[in-house]
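Below: the structure, in structure tokens.
Just so it is clear, the values below take in all heavy atoms, side chains as well, and ignore hydrogens, waters and symmetry mates. Lettering of chains follows the sequences in order, A, B, ..., and the numbering in each one begins at 1.
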Protein chains: 2
Amino acid sequence: MNEVVVLTPERILEVTEDVLRRFGLAKATVVDVARALDVSHGSVYRHFPSKASLREAVAKRWLARVSAPLDEISEDKGPAPARLERWLRTLCFAKQKKVSEDPEMFMTYMTLAREACSVVKAYKEGLVDQIAAIISDGVKEGAFDVADVKASARAIYEATIRYQHPAHADEWKDPDLAVRFDALLALLLRGLEARKR
Amino acid sequence: MNEVVVLTPERILEVTEDVLRRFGLAKATVVDVARALDVSHGSVYRHFPSKASLREAVAKRWLARVSAPLDEISEDKGPAPARLERWLRTLCFAKQKKVSEDPEMFMTYMTLAREACSVVKAYKEGLVDQIAAIISDGVKEGAFDVADVKASARAIYEATIRYQHPAHADEWKDPDLAVRFDALLALLLRGLEARKR
DNA sequence: TGACTGACAGATATTGAAATCTGTCAGCGC
DNA sequence: GCGCTGACAGATTTCAATATCTGTCAGTCA
């Protein structure tokens with residue numbers, strides 16, 4: 001039996017998520033994490049230079065999990081407009097599902113993300129790049145007509161903020177949410193669309 | 001001389017804003033407001049049933065001041081697309097100016113507004129109605145082609161959230177803000193635009 | 001040697017007693 | 001009578017003493 005499990009960053013992150021779930025963001029301490037790992041808290045500092053960096057790593061892992069299904073869609077084949085719509089729906093739906101399934105944990109991750117703003121910035125840039133890739137495909141297909149792919153991608157990203165940014169999570173309970181989101185998507189896709197001539 | 005000024009709700013609101021400015025949201029008490037008015041705090045309760053309602057009234061006044069210049073634009077004459085663009089620019093610029101000129105007071109009003117959510121809801125609905133009025137004019141002019149005016153108005157409002165919602169105020173420092181906002185506006189107007197046939 | 005411990009200093013959080021605030025209302029004075 | 005006051009109960013906030021946590025590091029043990 002492999003009774004003594006080695007202390008790895010990955011294992012620390014897993015246990016940290018667990019501690020965050022059980023104690024909540026405000027109460028979870030490095031000492032709690034160390035206790036759950038059955039090591040001294042000094043050992044945790046061997047792998048993460050500070051509590052802030054540990055939290056940042058947790059935020060990064062969470063964001064990566066949220067955006068994982070999007071990578072596939074952006075690299076898929078098929079008509080760009082439908083693909084962009086699917087990508088945006090997947091992103092927003094993933095966030096909305098997370099908040100409805102476990103609001104406390106969502107709030108925890110949201111606060112973590114707010115603290116780790118450099119990580120969030122990189123995450124956002126990654127998302128905009130994926131949108132840009134789909135729009136670029138659409139331009140090649142002749143389905144889209146845009147002056148500046150990157151700028152359009154950013155505009156699309158920003159226009160959907162209300163449906164994916166945690167700051168607006170309390171408005172996602174609206175029963176008309178889906179209808180409103182459909183209207184927004186239709187407007188945005190129409191804005192990218194190449195005009196018949 | 002009219003030395004004894006009567007105690008009116010309006011005067012209480014003015015002084016309350018002053019107290020909020022000097023003490024900050026967390027420290028400002030009804031007793032402070034009464035002291036500044038040189039009356040007992042019981043007198044304040046004669047005009048506002050609770051501290052919450054006083055704060056709500058302050059929030060309402062502030063929102064009304066922000067949206068005042070918009071009323072004119074929505075009732076103006078002239079081509080709807082330019083008018084819609086001007087309306088959106090005015091709204092977002094007003095918010096961005098407020099936060100840059102007096103960030104503390106902006107944060108105060110933002111928190112007040114978060115508490116007084118029914119007031120904010122009414123304010124938002126008023127804004128969407130103004131957008132709807134402009135879009136409706138645009139449809140009559142033949143400049144816009146939309147299936148559902150109200151739904152489109154909401155979509156336009158929601159798409160610009162990032163540039164007007166206080167939750168995103170810390171991103172308004174971006175030097176490219178104007179360029180990005182231009183790109184978003186162009187995309188949205190293109191989405192409303194009637195196609196040549 | 002190198003992963004881990006545990007004691008330590010300074011920073012931060014908790015706690016409970018005291019102070020202040022909110023909201024009410026009987027009564028004062030114009 | 002009407003507008004205001006000021007004392008009051010209960011809720012909330014403050015403050016300072018106490019406890020806990022963060023981050024470091026000399027030392028242990030395999």
Side-chain angles (χ1 to χ4, degrees), chain A residues 1-60 104 107-108 111-112 114-116 118-119, chain B residues 1-60 104 107-108 111-112 114-116 118-119:
Chain A
M1 313 252 186
N2 188 10
E3 280 188 26
V4 176
V5 184
V6 278
L7 191 60
T8 60
E10 188 59 23
R11 212 162 80 76
I12 293 173
L13 289 177
E14 262 166 39
V15 169
T16 303
E17 284 199 17
D18 220 59
V19 169
L20 283 171
R21 184 163 283 113
R22 283 190 288 131
F23 293 65
L25 184 59
K27 299 272 183 180
T29 70
V30 176
V31 173
D32 291 329
V33 173
R35 231 195 315 267
L37 283 160
D38 206 30
V39 296
S40 80
H41 75 281
S43 299
V44 174
Y45 281 97
R46 184 156 294 280
H47 296 278
F48 294 92
S50 67
K51 187 183 184 180
S53 78
L54 176 58
R55 288 179 158 212
E56 192 174 285
V58 171
K60 195 168 185 175
E104 272 185 50
M107 286 303 276
T108 295
T111 310
L112 279 178
R114 179 164 302 163
E115 286 168 7
S118 69
V119 168
Chain B
M1 312 251 186
N2 188 8
E3 281 189 27
V4 176
V5 184
V6 278
L7 192 59
T8 61
E10 188 58 22
R11 213 163 79 78
I12 294 174
L13 289 177
E14 261 166 40
V15 170
T16 302
E17 284 198 17
D18 220 60
V19 169
L20 283 170
R21 183 163 282 114
R22 283 191 288 132
F23 293 65
L25 184 60
K27 299 271 183 180
T29 69
V30 176
V31 172
D32 291 328
V33 173
R35 231 196 314 268
L37 283 161
D38 206 30
V39 296
S40 81
H41 74 281
S43 300
V44 175
Y45 281 97
R46 184 158 296 280
H47 296 278
F48 294 93
S50 67
K51 186 182 183 182
S53 78
L54 176 59
R55 287 179 159 211
E56 193 174 284
V58 171
K60 195 169 185 174
E104 271 185 52
M107 286 303 276
T108 295
T111 309
L112 281 179
R114 179 163 303 162
E115 285 168 7
S118 68
V119 168

- Does the pair B/T29 and B/V19 meet the rule for a side chain to side chain contact (heavy atoms under 4.5 Å, CB included), with working shown? CA-CA 9 Å; B/T29 69; B/V19 169; over 6 Å; no
side-chain hydrogen bond (donor to acceptor under 3.5 Å, both in side chains) involving [X] - partner list, sequence neighbours excluded:
{"X": "A/E56", "result": "none"}
{"X": "A/E14", "result": "none"}
{"X": "A/E115", "result": "A/R55"}

- Separation of atom CG in A/D32 from atom C1' in D/dA19, rounded to whole Å: 15 Å
Taking the side chain as every heavy atom from C-beta outward, state whether [X] and [Y] have any pair of such atoms under 4.5 Å apart.
{"X": "B/V31", "Y": "B/V44", "result": "no"}
{"X": "A/I12", "Y": "A/T8", "result": "no"}
{"X": "B/L112", "Y": "B/L20", "result": "yes"}

- When you measure from every atom of DNA chain D, which of residues 37-55 of chain A have a heavy atom less than 4.0 Å away? A/H41, A/Y45, A/S50, A/K51
- Message: What's the angle between the local helix axes at either end of the helix from C/dT1-D/dA30 to C/dC30-D/dG1, using five pairs per end and rounding to 10 degrees?
- Response: 10°
- Query: Which nucleotide of DNA chain C is the first, and which the last, in the 5' to 3' direction, to come under 4.0 Å of a heavy atom belonging to chain A?
  - Reply: C/dA3 to C/dT14
- Measuring from B/L54:CG to B/Y45:OH, what's the distance to the nearest 0.5 Å? 8.5 Å
- Message: Holding to salt bridge (charged side-chain N to carboxylate O under 4.0 Å, His left out), I want the full list of residues that pass it with B/R22, two or more places apart in sequence or in another chain.
- Response: B/D18
- Task: Using salt bridge (charged side-chain N to carboxylate O under 4.0 Å, His left out) as the criterion, list what pairs up with B/E104, not counting sequence neighbours.
- Result: none
Distance-only donor-acceptor hits, side chain of residues 46-53 of chain A, under 3.5 Å, sequence neighbours excluded:
{"unit_1": "A/H47", "atom_1": "NE2", "unit_2": "A/L7", "atom_2": "O", "d": "3.3"}
{"unit_1": "A/S50", "atom_1": "OG", "unit_2": "A/A52", "atom_2": "N", "d": "3.4"}
{"unit_1": "A/S50", "atom_1": "OG", "unit_2": "A/S53", "atom_2": "N", "d": "3.1"}
{"unit_1": "A/S53", "atom_1": "OG", "unit_2": "A/S50", "atom_2": "N", "d": "3.3"}
{"unit_1": "A/S53", "atom_1": "OG", "unit_2": "A/S50", "atom_2": "O", "d": "2.9"}

- Tell me the salt bridge (Lys or Arg N to Asp or Glu O under 4.0 Å) pairs involving residues 29-44 of chain A, sequence neighbours left out? A/D32-A/R35
- Query: Contacts to DNA chain C from residues 20-30 of chain B, heavy-atom cutoff under 4.0 Å, which residues?
  - Reply: B/T29, B/V30
